[in-house]
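Numbers restart at 1 for each chain; the letters A, B, ... are given by sequence-line order, proteins then strands. Reckoned from all heavy atoms, side chains included, excluding hydrogens, waters and symmetry mates.
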Protein chains: 2
Amino acid sequence: MPRKYATPASVPCAQCPLRRVGAFSANTPEEIAFIQQLKSGDIVLGAGAVLSREGVNIGQLHTLLEGWAFRFRTLSSGARQILNFLLPGDFIGLQERLGAHSSHGVELLTTARLCRFPAARLRELYTHHPSLGYDVTWIAAHEELIVDENLVSVGQRTAMQRIAMLLIHLYKRACSVGLQHPDGRVPFPVTQQHMADALGLSLVHTNKTLHRLRTSGHFAISNGMLALKRPEAISRLADYYARPLRERPLI
Amino acid sequence: MPRKYATPASVPCAQCPLRRVGAFSANTPEEIAFIQQLKSGDIVLGAGAVLSREGVNIGQLHTLLEGWAFRFRTLSSGARQILNFLLPGDFIGLQERLGAHSSHGVELLTTARLCRFPAARLRELYTHHPSLGYDVTWIAAHEELIVDENLVSVGQRTAMQRIAMLLIHLYKRACSVGLQHPDGRVPFPVTQQHMADALGLSLVHTNKTLHRLRTSGHFAISNGMLALKRPEAISRLADYYARPLRERPLI
DNA sequence: GTCACTCTATGTCTTTTGACATACCGGCCG
DNA sequence: CGGCCGGTATGTCAAAAGACATAGAGTGAC
C-alpha cells in the first residue's frame, strides 16, 4: 500500500541538487527566491503511491526531485495506457489545471521526493517573472514532444522497435539528469507490465520480445539496473535518431 | 502541388470571426490590440501545402483561422504518424521553438487561412501581458491532452474503437468551432490514408473496418461531409467519455 | 521456514492486423 | 474522348500480436 513518509526538512531551492546537474538552465537569484516562496514544501512518497488519480484535481503542482513516476490513463475496460515516464526535474500537473478533474493519474515507480506548490499560485509566476512563465510553457511543449515520440512508437514501430526505443529513450533521459553510474548502468525501476502498458503491447509479447533483444546482446537488466551494450545498435534498430539534448528550465 | 495564394487583406483581430464562436474565452481590448500588433499578416495556402517541414524551423507561429491541418512525423522507413489534427482556432508552432529544428511537419488538409506572427516575438506576450502568456501555456497543455488521447487510442483500443474514437472526436471538435451545418453534418476532409496514419493502422484494414462501421449504420460520409447517426452509440463503442468542453484561449 | 505476492518466463493456440494484388469510380487534362 | 491519378473497395494469404495456461525466481511477512 502507498505510504506517505514523514516530510523531511525542505531543501532550499538555491541548494536544490538538481540545479547542479548540467541539464537545467540557470535562473537568477531573484527567480529562485520567488520559486522558493511559492513552494509549500517537499513530500516523500513510497513506490506505488498514487500522486493523483484520474478524475480528481489535487490542486497542487509538483517537481519531481528524486525518483521515477509515470502518467497514465485507464479505459473502462481496465486497460491502462502509460502516457509518459517522469524523471527527476520533470514538472507534474500542468494538464490538471485545465479541467475540474484531471484526465490522467500519476503514480510513483520508486520512492520519490517531490517539491510542491499550490496550483492556484501558478499565475503569480507569470505576473512577477515573465521569464518563468515562458519557462513553464517551454516545459509543457517539451512534455508534449515526449508524448509525440511515444505516439510515433506505438503507432508505427514494431514490438521490437518499440522496446528498443523505450530502453534507449529512458537510458538517455536518465543519463541527462546524472543518474548514470560509473560503469555506465542506470537505475531502471520499470517492470515488464509498465513497458507493456506504455507501448501498447501485451505483457506476454513484451516478455518474449524483450527476451529476443536480451539474448541478441543488446541490453541487460539486473538488480533494477539497465545496461545498454551497444547504444548505437539499439538506436538504429529503433529507427530513432535523437536530436541533441539542450538545457531545459527547472521550476 | 501546394500553391501559395495571394495574401488577402488581413482581418483585424478585433473582428476575428473566431472570436464570435462561443468556444473561445474573451480578451480585453488591450490584449487584442497587443496581439494585433504582433501579427505580421494572414496567409492562405492550398490543400496539401506543407506549412512546416520536419527538421526545419520556420521561425513563425500561426493560428489556424479557417481550414484543417495536421501535425505529423515520418520515420526513416517512410511510415508516417499523424500526431493530431488541427482545426480553426488551434495554435501552431509552440513545439518548434524548442529545438533548432522542428521534430514534426505540419500539412494542410484543406485550403486554409492562417494568422502569422514571428516566433521571436513570443516572449513579448509574457512581458507585456502575463495573462496571455498564461493562455499560451494553457494552449500547450491542452494540445498535449489531445495527443494523450490519441496515444490511448493507438495503444489500447481495437481498430474499430480507434476509428469510432476518431470520428466522434473530430466531430465534436468541429462542432465546437461552429462548423456544424443545420442538418448536423460537419466537413470532413480526412482521407482513409490520413485516418490510417493517425491511428496506426494499415490503409486496407482502415478501409475494411470503416466499411463495417458504416454498414452497421454508425456514420456516413458523402461529399466530404460526415454525419454521425447515433453519437452516443459511437462514444460507447469507442469507450470514450468526453469531459465537457470549456472555453479556451485564442491567440 | 513457508506462505503469499509480484514479477518473469515459456508453450500452445487464436485473433487481429498487415501485405499484396486487383478493381472501381470520379475528376482533371490534353 | 481516353488516359492518368487519387481515393476507395475487396479478396486471399501471411505475419504479428494477443489470450490462456502454467511455472519458476525473488522478496517480504509472520
Side-chain angles (χ1 to χ4, degrees), chain A residues 1-3 46-49 68 75 77-82 107-111 153-164 166-167 188-216 219-226 237, chain B residues 1-3 46-49 75 77-82 107-110 153-164 167 188-216 219-226:
Chain A
M1 264 297 85
R3 294 148 295 171
W68 294 45
L75 293 182
S77 66
R80 176 175 76 170
Q81 177 66 41
I82 292 182
E107 187 175 317
L108 302 187
L109 283 170
T110 66
T111 295
S153 270
V154 177
Q156 305 299 331
R157 286 188 242 251
T158 64
M160 174 93 38
Q161 290 181 309
R162 292 183 213 184
I163 289 182
L166 182 70
L167 293 176
F188 197 71
V190 180
T191 69
Q192 294 183 0
Q193 183 68 65
H194 292 125
M195 295 193 216
D197 288 348
L199 300 176
L201 297 168
S202 70
L203 175 59
V204 174
H205 197 60
T206 300
N207 180 292
K208 290 173 181 174
T209 308
L210 215 35
H211 177 83
R212 281 191 288 155
L213 207 49
R214 185 171 346 99
T215 52
S216 62
F219 79 99
I221 294 179
S222 58
N223 301 319
M225 302 290 293
L226 168 68
L237 181 61
Chain B
M1 267 295 85
R3 294 150 296 171
L75 292 182
S77 66
R80 177 175 74 170
Q81 176 66 41
I82 292 183
E107 187 175 318
L108 302 187
L109 283 171
T110 66
S153 272
V154 176
Q156 305 299 331
R157 286 187 243 251
T158 65
M160 172 100 22
Q161 290 181 309
R162 293 183 213 184
I163 289 182
L167 292 176
F188 197 72
V190 180
T191 69
Q192 294 181 0
Q193 183 67 65
H194 292 124
M195 294 194 219
D197 288 347
L199 300 176
L201 297 169
S202 71
L203 176 59
V204 174
H205 197 61
T206 300
N207 179 293
K208 289 175 181 173
T209 308
L210 216 36
H211 177 82
R212 281 190 290 155
L213 207 51
R214 182 169 351 95
T215 51
S216 62
F219 79 100
I221 294 178
S222 58
N223 301 320
M225 301 288 293
L226 168 68

Distance in angstrom units between [X] [atom1] and [N] [atom2], rounded:
{"X": "A:His205", "N": "C:dT16", "atom1": "NE2", "atom2": "P", "result": "16 Å"}
{"X": "B:Leu213", "N": "D:dA9", "atom1": "CG", "atom2": "P", "result": "12 Å"}
{"X": "A:Gln156", "N": "D:dA16", "atom1": "CD", "atom2": "C1'", "result": "15 Å"}
{"X": "B:His194", "N": "D:dG7", "atom1": "NE2", "atom2": "C1'", "result": "11 Å"}
{"X": "A:Arg162", "N": "D:dG18", "atom1": "CZ", "atom2": "C1'", "result": "12 Å"}
{"X": "A:Gln161", "N": "D:dA15", "atom1": "CD", "atom2": "C1'", "result": "15 Å"}
{"X": "B:Ile163", "N": "C:dT16", "atom1": "CD1", "atom2": "P", "result": "14 Å"}
{"X": "B:Leu109", "N": "D:dG6", "atom1": "CG", "atom2": "C1'", "result": "15 Å"}

Proximity to the side chain of [X] - top-ranked nucleotide from [options]:
{"X": "A:Arg214", "options": "D:dG11, C:dA9, C:dT17", "answer": "C:dA9"}
{"X": "A:Leu201", "options": "C:dT8, C:dG18, D:dA17", "answer": "D:dA17"}
{"X": "A:Thr191", "options": "C:dC7, D:dA19, C:dA9", "answer": "C:dC7"}
{"X": "A:Ala159", "options": "C:dG18, D:dA17, C:dT17", "answer": "D:dA17"}

[X] vs [N]: side-chain N/O to OP1/OP2 distance below 4.0 Å:
{"X": "A:His211", "N": "C:dT10", "value": "yes"}
{"X": "A:Gln193", "N": "C:dT6", "value": "no"}
{"X": "A:Asn207", "N": "C:dT8", "value": "no"}
{"X": "B:Gln192", "N": "D:dA9", "value": "yes"}

Is it true that the side chains of B:His205 and B:Ser202 contain a donor and an acceptor less than 3.5 Å apart?
no
What's the separation between atom [atom1] in [X] and atom [atom2] in [Y], rounded to the nearest 0.5 Å?
{"X": "B:Gln156", "Y": "A:Gln81", "atom1": "CD", "atom2": "CD", "value": "4.5 Å"}
{"X": "A:Phe188", "Y": "A:Leu166", "atom1": "CZ", "atom2": "CG", "value": "5.5 Å"}
{"X": "A:Leu109", "Y": "A:His194", "atom1": "CG", "atom2": "NE2", "value": "5.0 Å"}

Side chain of B:Arg157, backbone of B:Arg162: donor and acceptor closer than 3.5 Å?
no
Would you kindly check whether a donor in the side chain of B:Lys208 faces an acceptor in the base of C:dG18, or vice versa, at under 3.5 angstrom?
no
Might you point out which heavy atoms bring A:Met160 and A:Leu213 nearest each other, and give the distance in Å?
SD-CD1, 3.4 Å
Under 4.0 Å, heavy atoms only, any strand: does B:Gly200 hit a base, just the sugar-phosphate, or nothing?
sugar-phosphate
Heavy-atom distance under 4.5 Å between the side chains of A:Phe219 and A:Arg214, does that happen here?
yes
One would report the end-axis bend of the helix from C:dG1-D:dC30 to C:dG30-D:dC1, five pairs per end and rounded to 10 degrees, as 40°
Mapping B:Val204 and B:Thr209 onto DNA chain C by nearest heavy atom, which one lands closer to the 5' end?
B:Thr209
Looking at B:Leu210, B:Thr206, B:Val154, which one forms a side-chain contact (heavy atoms from CB on, under 4.5 Å) with B:Leu201?
B:Thr206
